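This one's a predicted model, so the numbers in the text were calculated from it and none came from an experiment. Naming: A, B, ... by sequence-line order, numbering from 1 per chain.
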Amino acid sequence: MLLSDSSQTTDNRNVTMNKDDNQVRVRFAPSPTGYLHVGGLRTALFNYLFARKHGGKFILRIEDTDQKRSISDALKNLISTMKEVGLRYDEGPDIGGCYGPYIQSERMDIYREHIHKLLDSGNAYYCFCSEERLTKLREEQRKRKRPPMYDGKCKNLSNDEVKDRLDQGMPFVIRLKYPKEGKTVFDDVVRERVAVDNSIIDDQILIKSDGFPTYHLASVVDDHLMKITHVIRGEEWLSSVPKHIFLYKAFGWKPPVFVHLPLLLNSDRSKLSKRQGDVSVESYLQRGYLPEAILNFIALLGWHSADDREIYTLKELEDVFSLDRINKAGAVFDIEKLNWMGGQYIRSLDIEYIADQSRRFFEEAGIDTSNQDKYMKAINTARDYVYRLSDIVEHAKMFYGELIFTEEDIRLIEEENSQKIYAYWIDELSRKTEWESEELSSLTKQSIAELGIKGKQFYFPLRLALFGNCHGPDIPTLIGILGRDDSIRRLKACLTR
RNA sequence: GUCCCCAUCGUCUAGUGGCCUAGGACACCGGCUUUUCACGCCGGCAGCCGGGGUUCGACUCCCCGUGGGGACGCCA
């Protein structure tokens, strides 16, 4: 089936599927180039949510058709990151499925078979032009202020000429034979109708000289074969859609519904990149950002619910998510808001979970957390101050080991009043082995009265001795966490005589 | 350069012709709470890119500018 002329229009905006239709099937198709990009995670999340919302399938497919860029451990990392953030897929390279393999480099015969169909139907052609020629061609076109594209030199080679060169073993690529007349009009769920003049669409390479397919061929073939109903991906793909639609038509297939997500942006509004800060999900995880917070934050980049609610669990998002509330404009990745959200989650999530997740950071810092009671109390207090797990350690470590004082701290510690307070408290704490929090409160009041020292003159030196900082939790909390013996020990360490 | 997309507080956004004196969130500022810090609560600052239409009436619809972004690879 050839589309040689006139306009092609595809209306594929039916977002909700009929019961009779196949169920929703969407995919996240990253290339294994090292780490999972936050933009990629957002794409994965939106696909995941859409699938869950509609009781469909979410598929992970690896696009590793560029041998040069594929990195060996990348797949493993990717899978573990997906697991860690809790985006479970129904089909994928490590779990299989009915439409595998899910790694493109393992699907080479499929692409070979399909490119021949295209060749046979006259929708693709062999091209023997060298890369040098193409580079030169592009340079000239740019110089002449023309859009750089293939000039069609090999487009009309006769069968014999092609056979000849093939027999000679000449290196070749296979190109899409895209009609140059008319225009292509298509519908996108978020962009609505988009029209592109066919004359500016290039004869895209479909098979590279190493025999691997390019993204365009592989993704179209796989999306069809894997029965993908909705292609949800970043806006950077929007301008390739005509080529993809042409491929679907050339194969005689029905194109999926297209959903092009607004880009994630740096603070200067350029496409989010490694250059300007951290973009790898792994690194956020390593720095102790909770997956729940990352997902929630990222869900709000380019999507918003009808009400003003912003805090959603993954499960809740699965229920409220819808494509028609996706924004058109790009969204700046604002770390300040991520931080705020991180704080929200670190304070509201189950304390057992937070403690559990924090443990590895304590281990990394060499802190012994075997005293479970103390550990839980420390976490409970420290979580009020931070927005990521790694920072919990920074606060909680004040309850462990030796305190380190600055010269200024020492000046305060050595003041006469400070010393009186320490002596008083050592004395009082030594009398009993346990206290209720209220008793410590009244002891505080009592000592203020008896010593005649109040306000900051009282609290700062006391907190400094117990906690290593003039600012922080209140005295009963501090002593409650440290326990009697450690409290006394710390006070004694500040006693000079 | 060419084509495509986009445009509400600094940032994420609500808004689908009158409900807008433009709402919420982050950040910022102030107050309250607290011995302090943090948390929390309350309040404040701050925006419809510009110009033309259409309309009784435009943030909302249309056009033109302007600005921003993306694509233009034998990368995805």
Residues in ring-ring contact (aromatic ring centres under 6.0 Å, His included) contact with A:Tyr48, at least two apart in sequence or another chain: A:Phe58
Distance between P atoms of B:rU21 and B:rC59 (Å, rounded): 10 Å
Non-neighbouring partners of A:Phe467 that pass ring-ring contact (aromatic ring centres under 6.0 Å, His included), sequence neighbours left out: A:Phe399
Sugar-phosphate or base contact per nucleotide [nucleotides 21-29 of chain B; S, B, -; heavy atom under 4.0 Å]: --BBBSS--
Under the side chain to side chain contact (heavy atoms under 4.5 Å, CB included) test, residues paired with A:Ala74 that sit two or more places apart: A:Pro32, A:Ile71
Inter-nucleotide P distance (B:rC49, B:rU35), Å rounded: 48 Å
Spacing of A:Leu264 atom CG relative to B:rC12 atom P, expressed in whole Å: 10 Å
Base-contact (B) and sugar-phosphate-only (S) positions in nucleotides 66-71 of chain B, heavy-atom cut-off under 4.0 Å, - elsewhere: --SSSS
Within residues 136-155 of chain A: residues closer than 4.0 Å to RNA chain B (heavy atoms): A:Arg138, A:Arg142, A:Lys145, A:Pro147, A:Pro148
Contacts of A:Phe212 that satisfy ring-ring contact (aromatic ring centres under 6.0 Å, His included) - sequence neighbours left out: none
Touch class at under 4.0 angstrom, heavy-atom based, for A:Glu131 against every strand present: base
Within residues 377-399 of chain A or reaching into it, pairs that qualify as salt bridge (charged side-chain N to carboxylate O under 4.0 Å, His left out) - sequence neighbours excluded: A:Asp373-A:Lys377, A:Arg388-A:Asp391, A:Glu394-A:Lys397
Side-chain N or O of A:Asn327 closer than 4.0 Å to phosphate OP1/OP2 of B:rA14: yes
Which protein N or O atoms sit under 3.5 Å from an N or O of nucleotides 45-49 of chain B?
none

B/S/- contact track for nucleotides 31-37 of chain B, protein heavy atom under 4.0 Å: ----BBB
Salt bridge (charged side-chain N to carboxylate O under 4.0 Å, His left out) contacts touching residues 32-42 of chain A (sequence neighbours left out): none
Any side-chain heavy-atom pair of A:Arg133 and A:Asp151 under 4.5 Å: yes
Residue closer to the 5' end of RNA chain B, A:Lys68 versus A:Arg325 (nearest nucleotide): A:Arg325
Qualifying residues under side chain to side chain contact (heavy atoms under 4.5 Å, CB included), relative to A:Met170, sequence neighbours excluded: A:Phe128, A:Arg165, A:Gln168
